[in-house]
Novice: 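Can you read through this structure? Questions will come right after.
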Amino acid sequence: MSFPIAIIGTGIAGLSAAQTLHDAGLSVQLFDKSRGSGGRMASKRSDAGALDMGAQYFTARDRRFLETVHQWQARGWVAEWKPSLYTFNDGLLGASPDEQVRWVGTPRMSAITRAMLGALSVNFSCRITEVFRGTEHWSLQDADGQTHGPFSHVIIATPASQASGLLAAAPKLAGAAASVAMDPTWAVALAFAEPLDTPVEGCFVREGPLDWLARNRSKPGRDTAMDTWVLHASSNWSRQHLDLSKEAVIEQLHGAFAELIGCALPAPAFSLAHRWLYARPASNHEWGSLVDADLGLYACGDWCLSGRVEGAWLSGKQAAQRLLDHLH
Ligand code: FAD
Ligand code: NAI
């Protein structure tokens with residue numbers, strides 16, 4: 001009897017790996033410390049509807065990824081978002097239209113990983129603390145002291161900072177993961193009872209605390225009564241204000257938004273803040289995935305390629321492909 005393959009992390013990288021292995025007829029068992037899938041593509045439920053607090057949209061430049069995104073589109077999991085784009089630079093807000101195709105999950109970003117997960121077997125609210133190998137197979141230990149296994153292989157699909165500890169059985173891979181610095185991002189959502197009097201739907205911000213803002217409601221399938229916005233602080237500002245209270249972060253980013261948006265800003269009916277400690281790798285890598293094929297240990301995630309949804313999807317697929325190549 002062959003054992004299933006363990007995959008730690010149900011972000012887009014872990015699920016891309018899971019689907020590739022499942023399609024090849026192999027059995028997988030997924031684990032995630034959160035209560036649901038998505039990782040940094042998660043959406044937060046709120047009184048103002050679901051809000052995309054992490055990844056805002058994604059582009060598809062790789063042919064294989066684009067083909068997959070078109071399949072997702074045909075199934076209604078994603079749609080094109082065509083925001084009215086602006087930049088804020090030198091104190092000026094200016095229109096900045098372009099031809100780039102941008103995709104979002106519908107009716108929320110988390111819909112993609114939810115659909116990819118389908119009927120695959122998963123343990124949520126299960127933080128893995130140790131990955132260890134017996135003579136013939138792998139086992140996992142979780143934060144509650146429970147052991148899971150046996151598994152034939154393990155794929156670690158968490159951010160680099162968490163992957164390094166889980167890769168202890170392969171010190172070289174652990175060292176590579178430990179060398180990846182990941183930058184934080186503070187995210188704030190604001191909901192206004194009346195629509196703001198501005199044509200802006202997305203804005204790349206080049207100065208001050210903010211880096212990006214999006215009119216969440218302008219994305220396809222978001223039917224909310226309120227005018228909802230998501231603001232992202234820059235990596236620098238987020239790092240400098242890592243331990244600020246959520247209330248203070250909301251106040252400061254709301255202030256920066258009021259200064260740049262160029263229209264009256266009433267008090268929000270609703271606001272929330274989320275701190276992403278490991279939001280993006282500080283630099284890109286060309287590893288694709290990290291592999292010790294003889295041991296049967298693999299690592300993938302955006303940090304192995306580019307810090308984008310596409311990079312994470314490609315990395316997960318590559319880890320699974322390398323596992324399949326080694327089996328055959
Ligand atoms: P993750 O999504 O982080 O998934 C890892 C999973 O592992 C998580 O679900 C986590 O709970 C789980 N996990 C971690 N440790 C453990 C453990 N010990 N045990 C069990 N489970 C564990 N990309 C774009 O392309 N476009 C954008 O506009 C964009 N904007 C972004 C904005 C923000 C604020 C952030 C944070 C990211 C953004 N990104 C964007 C980046 C994109 O979200 C990521 O590149 C991508 O989602 C990473 O996927 P992943 O599967 O590698 O990791
Ligand atoms: P993209 O091609 O839309 O954007 C890439 C970059 O090009 C943008 O950051 C922006 O600086 C510039 N740009 C693109 N279109 C522009 C326009 N019309 N006017 C002015 N500048 C424009 O998307 P891609 O390459 O898929 O990148 C994903 C996005 O996700 C980036 O904006 C990146 O900053 C963001 N991201 C944010 C993270 C965070 O933690 N806040 C983490 C990972 C990605």
Novice: If we ignore hydrogens and angles and just use 3.5 Å, is the side chain of E207 paired with the main-chain N or O of F88 as donor and acceptor?
Specialist: no
Novice: Okay, side chain of S34, backbone of G36: is any donor-acceptor separation there less than 3.5 Å?
Specialist: no
Novice: Just do the side-chain hydrogen bond (donor to acceptor under 3.5 Å, both in side chains) check on S37 and R114 with the steps written out, would you?
Specialist: CA-CA 6 Å; S37 62; R114 213 51 57 85; 3.2 Å; yes
Novice: If we ignore hydrogens and angles and just use 3.5 Å, is the side chain of N216 paired with the main-chain N or O of A50 as donor and acceptor?
Specialist: yes
Novice: Can you name the nearest heavy-atom pair linking S46 to F270, along with the distance?
Specialist: CB-CZ, 3.4 Å
Novice: Please determine if D62 and K317 form a salt bridge, counting it only when a charged side-chain N lies under 4.0 Å from a carboxylate O.
Specialist: no
Novice: Drop me the distance from L21's CG to L327's CG, to the nearest 0.5 angstrom.
Specialist: 8.5 Å
Novice: Between W287 and W303, how do the two ring planes meet: parallel, tilted or perpendicular, split at 30° and 60°?
Specialist: perpendicular
Novice: Taking the six-membered ring of F124 as reference, does the NZ or CZ atom of R35 fall below 6.0 Å from its centre and within a 45° cone about the axis?
Specialist: no
Novice: With a 6.0 Å cut-off on the ring centroids, do F151 and H137 count as close?
Specialist: no
Novice: Answer yes when K219 and D52 have at least one side-chain N-carboxylate O distance shorter than 4.0 Å, and no when they do not.
Specialist: yes
Novice: Ring-plane angle category for F257 and W229, please: parallel below 30°, perpendicular beyond 60°, tilted otherwise.
Specialist: tilted
Novice: Salt bridge or not between D292 and K172? Use side-chain N to carboxylate O under 4.0 Å.
Specialist: no
Novice: For E194, does the CD atom have more than 12 heavy-atom neighbours from other residues, nucleotides or ligands under 6.0 Å away?
Specialist: no
Novice: Could you walk me through whether S234 and D211 pass the side-chain hydrogen bond (donor to acceptor under 3.5 Å, both in side chains) test, one step at a time?
Specialist: CA-CA 5 Å; S234 66; D211 172 66; over 6 Å; no
Novice: Can you name the residues that form a salt bridge (charged side-chain N to carboxylate O under 4.0 Å, His left out) with E201, not counting sequence neighbours?
Specialist: none
Novice: For the residue pair F65 and W72, does the interplanar ring angle fall in the parallel (under 30°), tilted (30 to 60°) or perpendicular (over 60°) class?
Specialist: perpendicular
Novice: Shared ILVMFWY cluster between W186 and M41, side chains joined below 4.5 angstrom?
Specialist: no
Novice: Per the side-chain hydrogen bond (donor to acceptor under 3.5 Å, both in side chains) rule, which among D302, N284, T59 passes with R308?
Specialist: T59
Novice: Please work out which of the three classes, parallel, tilted or perpendicular, describes the rings of H148 and F31, given edges at 30° and 60°.
Specialist: perpendicular
Novice: To the nearest 0.5 Å, how far apart are CZ in R102 and CD in E80?
Specialist: 10.0 Å
Novice: Got a second to check how far Q318's CD is from Q321's CD, nearest 0.5 Å?
Specialist: 9.0 Å
Novice: Using the benzene-type ring in the case of Trp, are the ring centres of F204 and W212 under 6.0 Å apart?
Specialist: yes
Novice: So, using side chain to side chain donor-acceptor pair (under 3.5 Å) as the criterion, who are the partners of R217 when residues are at least two apart?
Specialist: none
